[in-house]
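Have a look at the structure below before the remarks.
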Amino acid sequence: MELVFFNGWSSLFRILIIGLLAYATLILFLRLSGNRTLSKMNAFDLIVTVALGSTLATVLLSKDVALVDGAVALALLISLQFIITWTSVRFRWVRRLVTGEPLMLLYKGEFLLTSLRKARVTQDEVLSAIRSSGLSDVSAVEAVVLETDGSLSIVKNQAESGQSSLEGVRGPS
């Protein structure tokens, strides 16, 4: 029963040493992999982040996993993240497969009901995002787009002055 509350000083010492070294290793790998690994997350990034956290926790708390094994696992996950993001920048089909596509939910004051249902977003959530952007009138909004990271982007009505930010956004089906 004693082991439930305290497993001994050697266990705590191991966690401190392995924790510091594993944390330093993770930071080093993340810095080497570039800013994209730590960018605003889409579903793919979230999965990698959860896997990194789980791997770090396993290395910290399991005596069966050596620091080098954990470092290799962290390096593998970060390398896979790098490879996927590198290919997604170069090949649109990979980007669509991994991150999906932005989806237009409102266009020129009209809710796109099919898109709302597909995205499982309510009209109230869209209106809330419009208010959060500082607008009170839906007619002042050119479009509302559900981005690949789950955020809602509000595009205000403006005079046409060049390339539209809505280019490549999937509209009503």
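Throughout, residue positions are numbered sequentially from 1 according to the sequence presented.
Scanning for side chain to side chain donor-acceptor pair (under 3.5 Å) contacts around D64 gives an empty result, with sequence neighbours left out. With sequence neighbours left out, the side-chain contact (heavy atoms from CB on, under 4.5 Å) criterion links L26 to L30, L52, L56, L74, I78. Every side-chain contact (heavy atoms from CB on, under 4.5 Å) that V138 has, sequence neighbours left out, goes to L106, L127, I130. Taking the side-chain contact (heavy atoms from CB on, under 4.5 Å) definition, one finds that K63 meets it with N7, S11, R14, sequence neighbours left out. The side-chain contact (heavy atoms from CB on, under 4.5 Å) search around L61 returns I15, not counting sequence neighbours. With sequence neighbours excluded, no residue forms a side chain to side chain donor-acceptor pair (under 3.5 Å) with S128. Every residue was checked against the side chain to side chain donor-acceptor pair (under 3.5 Å) condition with S136, not counting sequence neighbours, and none meets it. Among residues two or more places apart in sequence or in another chain, the side chain to side chain donor-acceptor pair (under 3.5 Å) test is passed with S153 by E147.
Through ILVMFWY side-chain contacts below 4.5 Å, L16 is grouped with nothing and stands alone. Clustering of Ile, Leu, Val, Met, Phe, Trp and Tyr side chains at separations under 4.5 Å leaves L20 isolated, with no partner residue. Grouped with I83 in a hydrophobic cluster is no other residue, since no side-chain heavy-atom contact under 4.5 Å to another Ile, Leu, Val, Met, Phe, Trp or Tyr is found.
Surrounding CZ of R120 are at most 12 heavy atoms belonging to other residues, nucleotides or ligands under 6.0 Å away.
Linking Ile, Leu, Val, Met, Phe, Trp and Tyr whenever their side-chain heavy atoms come within less than 4.5 Å puts L146 and L135 in one cluster. Cluster annotation: Y23 and L12 are assigned to distinct hydrophobic clusters (Ile/Leu/Val/Met/Phe/Trp/Tyr, side-chain heavy-atom contacts under 4.5 Å, transitive).
Inspection of the T122 and D124 side chains reveals no N or O donor paired with an N or O acceptor under 3.5 Å.
Nearest approach of A129 to L152, heavy atoms of both residues: CB-CD1, 3.7 Å. Listed here is the closest heavy atom pair of V89 and R95: O-NH1, 3.9 Å. Looking at every heavy atom in both residues, I18 comes nearest to L60 through C-CD2, 4.0 Å. Across all their heavy atoms, G70 and V65 have their closest contact at N-CG1, 4.1 Å. Among all heavy-atom pairs drawn from A73 and T55, the shortest one is CB-CG2, 3.6 Å. Nearest heavy atoms, A71 versus F29: O-CE1, 3.2 Å.
The closest donor-acceptor contact from the side chain of T85 to the backbone of F82 lies under 3.5 Å.
Residue I47 holds its CD1 atom at 11.5 Å from CG of L77, rounded to the nearest 0.5 Å. Distance check: S88 OG to L97 CG gives 10.0 Å after rounding to the nearest 0.5 Å.
In this structure the side chain of L105 never reaches within 4.5 angstrom of the side chain of L112, judged on heavy atoms. Residues E142 and K108 have side chains in contact (heavy-atom distance under 4.5 Å, counting atoms from C-beta outward).
The only option from V121, V126, V144 that meets the side chain to side chain contact (heavy atoms under 4.5 Å, CB included) definition with F111 turns out to be V126.
R92 has a carboxylate O that lies under 4.0 Å from a charged side-chain N of E101, or vice versa, which qualifies the two as a salt bridge.
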